[in-house]
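Below is one structure, written out as structure tokens; the observations come after it.
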2 protein chains.
Amino acid sequence: MSTVEKAISLLNFFTEDAPEWGLSELARQAQFDKATTRRLLVALANSGLIEQHTVTRRYQLGAGLLRLARVRESHFPLLQVAVPVLRDVAAATDETVHLSEFGGRGLVTLHVEESTKANRVSVAVGQTLPLHATASGIAFLAFSPPQLAKSYLRKSLTAFTRHTLVQPARLDDAIKAAAEHGYSRGEQGYEDGVFSIAAPILGLDGYALGSIAIAMPQSRSTKATTERHIQAVRGAAQAISTRLFGEQPAPRQARVA
Amino acid sequence: MSTVEKAISLLNFFTEDAPEWGLSELARQAQFDKATTRRLLVALANSGLIEQHTVTRRYQLGAGLLRLARVRESHFPLLQVAVPVLRDVAAATDETVHLSEFGGRGLVTLHVEESTKANRVSVAVGQTLPLHATASGIAFLAFSPPQLAKSYLRKSLTAFTRHTLVQPARLDDAIKAAAEHGYSRGEQGYEDGVFSIAAPILGLDGYALGSIAIAMPQSRSTKATTERHIQAVRGAAQAISTRLFGEQPAPRQARVA
DNA sequence: TGTCCATGGATCATTTTTTGATCCGATAGT
DNA sequence: ACTATCGGATCAAAAAATGATCCATGGACA
């Protein structure tokens, strides 16, 4: 891990639940030496991505992030476009709907609209979703560049539940099915009792840039809800792509004749 | 400049006017070697702060910034709180109002509400304001920790116009006046023809964390508008502090008896 | 169609930076 | 008063970063 990656990995410890950290506790959590951690924090502070309280000496995320986030959304308004769509789907289905985007850290959750029901699926913003064990991941793989999917299949696949697809042949089958149908189903592959339907959000190149998924307790799933959710995520994914890029060419799938 | 600072400095080239960069052009602009620039961009991409287009190979800011910005605002809602206040002041005065915060990169502009008049002052978000040459800077210095102001006065002060306060004694006088009155006046110190009134926004420690300013063409300034603007920025700064921190103790100034 | 130029990208000897064990002063808790 | 933990500083050793040079590719132009 390069020095830059080390420094930025520190930023990822700051969450809504833990918005402030002392030096020593962050070093412990990050498993970096205290001196190293401090040097990295000082560099981040000098660059405006971190701020240190003058009194408590604790660290928080800095205002420099706000400008960068604004530039990002101004140019590529994924959240601005997707959040209303997710809200609509969550309102229509009363289930948890979440958006994820594929990047340097894998398929990362960007936004979640939770169901109002007490018995609901919770997903954390910032969480990385394993590609083989989630509906979002499989939907993404089904419409990703062929060699990304191919190299993923060669990796050692972690089992999260006894339903996780850890055999490459079975994962490949699921990817093919998703490519054919335009959506994927996640049947307790990442967590027992959770059922999901996901669709890929396509970019200008025709490949998936991320996914949108509806997640619910398995016990609440029926054939009727499944059909409705399939329609909803496919429609939502299409709406997000269209609003971001306009009408587009056919998707380019991992599998092609 | 550390490697981490170098990497993050690349992020700052991404603006609303230049949201995408190719490798070679960014290297030229940053005055880094192309190989160095690429390594830094790859590290940023691996961390989700930068994304590279699969087709054009150009770089843009990454979605990882969105989550971090959200955590920051969730914990310290400076923009969320301040933007409505800036809008109110801009509506009431019909002049440009801008917010800046002091951090690792100095006093950086976070938000601007421009006047609707054709003849208006424009300020760029992200721009660093020189402390000695702007009303915001002087307001900030007047309520900053004593040794910050003291060490700033020892620096070589750049002249931006013939009105810029480059003599330490005169800057010190302006700081003292601002400390006494609770606001500062910027009379063409940074740009000819621009007149500003600024007030410090105080943090929990009683020191300034940033400033709010009203900027207008000098030619439009009258004694009456100046009085109104003084009231407006002081009220706005107070409102922002109170909403962020609640009622607070007396300000701690650079100068104390 | 061929040439030229600029692109993004890779390499590795050399240079520079980073690292972390150790020590320090300060503060809080007992 | 003592102990533990904090944030912070130092510097010999270790590791990473650097950038000159080379490469393949694609676009512009004649």
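A, B, ... follow the sequence lines: proteins, then strands. Residue 1 opens every chain. Quick note: numbers below take in every heavy atom, side chains included, and nothing from hydrogens, waters or symmetry partners.
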Notebook entry, point to check: Hey, does the side chain of A:S24 come within less than 4.0 Å of D:dT5's phosphate (OP1/OP2), counting only N and O?
Noted result: no
Check: What is the nucleic acid contact for B:F32, judged by heavy atoms within less than 4.0 Å: base, sugar-phosphate only, or nothing?
Finding: nothing
Margin query: With the threshold set at under 4.0 Å for non-hydrogen atoms, list the residues of residues 38-48 of chain A touching DNA chain D in residue-number order.
Written below: A:R38
Checklist line | Plane angle bin for A:Y190 and A:F160 - parallel if under 30°, tilted between 30 and 60°, otherwise perpendicular | finding: perpendicular
Next item on the list: Select base, sugar-phosphate, or nothing to describe what B:E5 touches, counting heavy atoms under 4.0 Å on all strands.
Entry: nothing
Next item on the list: Name the orientation class of the two ring planes belonging to A:H132 and A:Y152 (parallel below 30°, tilted from 30 to 60°, perpendicular beyond 60°).
Entry: tilted
Margin query: For a quick test of reading the model: is some side-chain N or O of A:R57 closer than 4.0 Å to OP1 or OP2 of D:dC6?
Written below: no
Next item on the list: Ignoring backbone atoms, establish whether B:T3 has a side-chain N or O less than 4.0 Å from OP1 or OP2 of C:dT17.
Entry: no
Notebook entry, point to check: What about A:K34: does its side chain form a donor-acceptor pair under 3.5 Å with the base of D:dG8?
Noted result: yes
Notebook entry, point to check: Roughly how many Å is it from CE in B:M1 to P in C:dT18, rounded to a whole number?
Noted result: 12 Å
Next item on the list: Walk me through it: do B:R58 and B:E25 pass the test salt bridge (Lys or Arg N to Asp or Glu O under 4.0 Å)?
Entry: CA-CA 10 Å; B:R58 292 168 72 80; B:E25 69 186 320; 3.1 Å; yes
Note to self: From CG of A:L23 over to P of C:dG20, roughly how many Å is that when rounded to an integer?
What the structure shows: 14 Å
Check: When you match A:T56 and A:A35 each to their closest nucleotide on DNA chain D, which lands nearer the 5' end?
Finding: A:T56
Notebook entry, point to check: What's the CD-C1' distance between A:E25 and D:dG7, to the nearest Å?
Noted result: 12 Å
Next item on the list: Could you tell me whether the side chain of B:Q60 and the main chain of A:R72 form a donor-acceptor pair under 3.5 Å?
Entry: no
Next item on the list: Please determine if a side-chain N or O atom of B:K6 lies less than 4.0 Å away from the OP1 or OP2 oxygen of D:dA17.
Entry: no
Next item on the list: Round to the nearest Å and state the distance from B:Y59 atom OH to C:dT7 atom P.
Entry: 13 Å
Notebook entry, point to check: CZ of B:R58 versus C1' of D:dG27: gap in Å, rounded?
Noted result: 14 Å
Note to self: Checking B:E20 against A:H75: is there a side-chain donor and acceptor pair closer than 3.5 Å?
What the structure shows: yes
Note to self: Using 30° and 60° as the class boundaries, would you call the ring planes of B:F76 and B:F245 parallel, tilted or perpendicular?
What the structure shows: tilted
Next item on the list: For D:dG8, take OP1 and OP2 only and decide whether either is under 4.0 Å from a side-chain N or O of A:Q52.
Entry: yes
Notebook entry, point to check: Between A:S2 and D:dA16, is there a side-chain N or O to OP1/OP2 distance below 4.0 Å?
Noted result: no
Next item on the list: Would you mind telling me which of C:dG9, D:dG7, D:dG19 lies closest to the side-chain atoms of B:D33?
Entry: D:dG19
Note to self: Working note: A:L68 + A:L49, criterion side chain to side chain contact (heavy atoms under 4.5 Å, CB included); need CA distance, chi angles, decisive distance, verdict.
What the structure shows: CA-CA 10 Å; A:L68 295 171; A:L49 299 195; 4.1 Å; yes
